[in-house]
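Both counts, for ligands and for their atoms, begin at 1 and track the order of listing. Everything numeric here is computed off the predicted structure, so don't read it as measured data. For the numbers below, each heavy atom of this structure counts, side chains included, while hydrogens, waters and symmetry mates do not.
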Amino acid sequence: MADSAETRKLVYLVTGGCGFLGEHVVRMLLQREPRLYELRVFDLHLGPWLEELKTGPVQVTAIQGDVTQAHEVAAAVAGAHVVIHTAGLVDVFGRASPETIYEVNVQGTKNVIEACVQTGTRFLVYTSSMEVVGPNIKGHPFYRGNEDTPYEAIHRHPYPCSKAQAERLVLEANGRKVHGGLSLVTCALRPTGIYGEGHQIMRDFYHQGLRLGGRLFRAIPASVEHSRVYVGNVAWMHVLVAQELEQRAALMGGQVYFCYDESPYKSYEDFNMEFLGPCGLRLVDTRLLVPYWLLMLLATLNALLQWLLRPLLLYAPLLNPYTLAVANTTFTVSTDKAQRHFGYKPLFSWEDSRTRTIRWVQAVEGSAP
Ligand SMILES: NC(=O)c1ccc[n+]([C@@H]2O[C@H](COP(=O)([O-])OP(=O)(O)OC[C@H]3O[C@@H](n4cnc5c(N)ncnc54)[C@H](O)[C@@H]3O)[C@@H](O)[C@H]2O)c1
Ligand SMILES: CC(C)[C@@H](O)CC[C@@H](C)[C@H]1CC[C@H]2[C@@H]3[C@H](O)C=C4C[C@@H](O)CC[C@]4(C)[C@H]3CC[C@]12C
């Protein structure tokens, strides 16, 4: 579409716009939404990279704010046509308290919904998570499942509980009257494990491997498969949903969509090696030396240590009972609902996603851990 002033009339707000996913959503909107007049980037921690975005035709407004503060959210939402709500506390390592996770992920989402209703913003896209579904506390596998697959979604951990509550609030808000009398249209996207440029956990694994002489130790059988999805394709799905939501409100309103692409099904550790292997690391199979019961013991000891040390320092290793359970439970998605409902096709092939991620890891080598 021609870049002309009369086409540029939409105001978007991206909450969590400086996060791993949020930054990709911001950049994707600037590249793929020709109707964009103003892009508001709302985050607790603003990134310096935002400055470079202010030279283009779109007005980029950086807003330092907290989604737990209703008045800050309302001020940021007022006048926006679309809100893409990615802000969240993604913590499965015990860094934040359950109360804080709830405050940000649930109360923060309530504040976004109420701000849309009060100010008249009609379109809300929420970044949910596969963890709203599973793995559940019984460790049931979810094998090539879709949005309609029956599964006992029971959780205890604060993170999946908060994401499930927030998603339910968003979907229930669909159809509510907003200021001005029109209806709110909402939908929720459920990425599986996102990877790509900026993924902190991948960076952590890479630095761990460098510290261990170029080795990472396999803890999980290769047979335990996970679905993973490239961050660029997740960002693209967010933008496409936002673009299609008005025209297809009756079909898409109140719906959930898994985020998927052509990334192969592999164990979490084997999948990471697709990027860490070409960067010089190798995965050593130590399961004979470290059987699963010993891993469980180590994970439990980590949780105990975290609790004992909390008054003094934050000890939050990757291995804890929850992360071990999630890593050790098959969770794979096979669906085309997003394609059927709004014509989604991945923007990045598996080969392109892999190459981009490898290049990023290689660039990470020089960065501080
Ligand atoms: N990373 C994944 O694998 C994954 C998978 C599925 C879903 N998700 C979801 O995607 C979203 C983004 O996740 P991410 O991986 O980019 O995490 P991230 O931590 O990189 O980004 C989250 C952003 O939200 C901001 N934020 C946190 N608390 C805030 C608050 N109180 N007010 C305003 N901003 C706040 C953070 O500063 C950060 O920039 C989250 O909702 C997460 O649940 C992530
Ligand atoms: C130490 C080993 C056992 C190692 O294999 C642990 C890996 C572990 C840190 C990750 C395994 C599965 C990951 C989670 C999954 O990809 C989906 C998620 C949902 C998303 O909303 C947030 C991130 C996460 C919980 C993700 C976190 C890391 C793992 C638990």
Side-chain angles (χ1 to χ4, degrees), residues 14-26 41-47 63-69 72-73 76 84-93 95-96 100-101 103-105 107-109 111-112 126-135 155 157 159-160 162-164 166-167 170 188-196 198-205 208 216-221 224 226-231 234-235 238 258-259 267-273 283 287 290 292 295-296 298-299 302 316-331:
V14 179
T15 72
C18 292
F20 164 44
L21 172 60
E23 179 178 351
H24 286 269
V25 171
V26 164
V41 182
F42 181 95
D43 204 302
L44 204 55
H45 308 295
L46 295 177
I63 305 171
Q64 194 280 328
D66 186 340
V67 290
T68 66
Q69 301 303 307
E72 294 181 11
V73 177
I84 298 178
H85 177 36
T86 84
L89 208 44
V90 185
D91 181 26
V92 290
F93 305 106
R95 295 190 181 108
T100 304
I101 292 172
E103 264 304 293
V104 175
N105 294 352
Q107 187 56 50
T109 300
N111 291 340
V112 169
Y126 174 60
T127 311
S128 181
S129 171
M130 59 172 259
E131 289 224 331
V132 165
V133 176
H155 305 293
H157 192 282
Y159 175 73
S162 70
K163 294 302 287 186
E167 180 188 282
V170 168
L189 300 184
R190 291 174 177 169
T192 54
I194 307 175
Y195 70 93
H199 188 207
Q200 182 58 46
I201 297 174
M202 187 74 69
R203 187 188 274 120
D204 293 345
F205 273 114
Q208 187 181 72
L216 286 171
F217 300 103
R218 178 192 294 281
I220 304 298
V224 177
H226 276 223
S227 279
R228 303 289 290 274
V229 62
Y230 176 60
V231 65
V234 178
H238 279 73
F258 277 117
C259 298
S267 79
Y268 193 84
E269 293 168 335
D270 288 295
F271 191 87
N272 288 349
M273 290 311 293
L283 190 60
R287 281 175 301 130
V290 185
Y292 191 72
L295 264 178
M296 286 283 289
L298 291 172
N302 275 342
L318 287 172
L319 175 66
N320 64 51
Y322 183 74
T323 62
L324 180 59
V326 176
N328 203 46
T329 307
T330 286
F331 195 101

Nearest option to [atom], as decided by whichever heavy atom of [options] sits closest:
{"atom": "atom 27 (C) of ligand 1", "options": "Pro191, Gly88, Cys18", "value": "Gly88"}
{"atom": "atom 5 (C) of ligand 1", "options": "Leu189, Val25, Thr192, Val90", "value": "Thr192"}
{"atom": "atom 40 (C) of ligand 1", "options": "Thr109, Val229, Leu46, Thr86", "value": "Thr86"}
{"atom": "atom 25 (C) of ligand 1", "options": "Val14, Asp43, Asp91, Thr127", "value": "Asp43"}

Using modelled atom types and a 3.5 Å cut-off, is there a donor and acceptor pairing between side-chain atoms of [X] and backbone atoms of [Y]?
{"X": "His199", "Y": "Val231", "value": "no"}
{"X": "Thr68", "Y": "Glu103", "value": "no"}
{"X": "His45", "Y": "Gly19", "value": "no"}
{"X": "Asn111", "Y": "Val73", "value": "no"}
{"X": "Glu269", "Y": "Ile220", "value": "yes"}
{"X": "Asp43", "Y": "Cys18", "value": "yes"}
{"X": "Asn320", "Y": "Val92", "value": "yes"}

Atoms of ligand 1, numbered as shown, that sit under 4.0 Å from any heavy atom of [X]:
{"X": "Leu21", "result": "10 (O), 16 (O)"}
{"X": "Val104", "result": "28 (N), 31 (N)"}
{"X": "Gly65", "result": "32 (N), 33 (C)"}
{"X": "Tyr159", "result": "42 (C), 43 (O)"}
{"X": "His45", "result": "37 (O)"}
{"X": "Lys163", "result": "40 (C), 41 (O), 42 (C), 43 (O)"}

Can you tell me the protein heavy atom closest to [atom] and the distance?
{"atom": "atom 34 (N) of ligand 1", "answer": "Leu44 N, 3.3 Å"}
{"atom": "atom 4 (C) of ligand 1", "answer": "Ile194 CD1, 3.5 Å"}
{"atom": "atom 20 (O) of ligand 1", "answer": "Phe20 N, 2.9 Å"}

Looking only at N/O atoms, are [X] and ligand 1 under 3.5 Å apart anywhere?
{"X": "Gly22", "value": "no"}
{"X": "Gly19", "value": "yes"}
{"X": "Asp66", "value": "yes"}

Under 4.5 Å between any side-chain heavy atoms of [X] and [Y], yes or no?
{"X": "Thr330", "Y": "Pro135", "result": "no"}
{"X": "Phe42", "Y": "Ile63", "result": "yes"}
{"X": "His226", "Y": "Phe271", "result": "no"}

Which part of Gln200 is near ligand 1, with near meaning a heavy atom under 4.0 Å away: side chain, backbone, both or neither?
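Contact part for Gln200 vs ligand 1: neither.
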Specify side chain, backbone, both or neither for Val67, according to which of its non-hydrogen atoms lie closer than 4.0 Å to ligand 1.
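Looking at Val67 and ligand 1, atoms from backbone and side chain both fall under 4.0 Å.
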Any side-chain donor near an acceptor of the partner, His85 and Thr109, under 3.5 Å
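Looking only at side-chain atoms, Thr109 and His85 do form a donor-acceptor pair, the distance falling under 3.5 Å.
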Please determine, by modelled atom types, if Asp204 and Gln208 share a side-chain donor-acceptor pair under 3.5 angstrom.
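No, Gln208 and Asp204 have no side-chain donor paired with an acceptor closer than 3.5 Å.
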Counterpart residues, side chain to side chain donor-acceptor pair (under 3.5 Å), relative to Glu23 (two or more places apart):
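Side chain to side chain donor-acceptor pair (under 3.5 Å) list for Glu23, sorted by chain: Arg27.
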Using side chain to side chain contact (heavy atoms under 4.5 Å, CB included) as the criterion, point out the one residue from Val132, Leu189, Val133, Thr127 that pairs with Glu167.
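Result for side chain to side chain contact (heavy atoms under 4.5 Å, CB included) with Glu167: Val132.
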Between ligand 1 and Ser128, can you find any atom pair, the residue atom being a heavy atom, that is separated by under 4.0 Å?
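For ligand 1, residue contact (heavy atoms, under 4.0 Å) with Ser128 is present.
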Could you list, one pair per line, each nitrogen or oxygen of ligand 2 together with any protein nitrogen or oxygen closer than 3.5 Å, giving atom names and the distance rounded to 0.1 Å?
unit_1   : atom_1 : unit_2 : atom_2 : d
ligand 2 : 5 (O)  : Glu269 : OE2    : 3.0
ligand 2 : 21 (O) : Ser129 : OG     : 2.7
ligand 2 : 21 (O) : Tyr159 : OH     : 2.6

Please test His238 against Leu21 for side chain to side chain contact (heavy atoms under 4.5 Å, CB included), starting from the C-alpha separation and ending with a verdict.
CA-CA 10 Å; His238 279 73; Leu21 172 60; 3.9 Å; yes
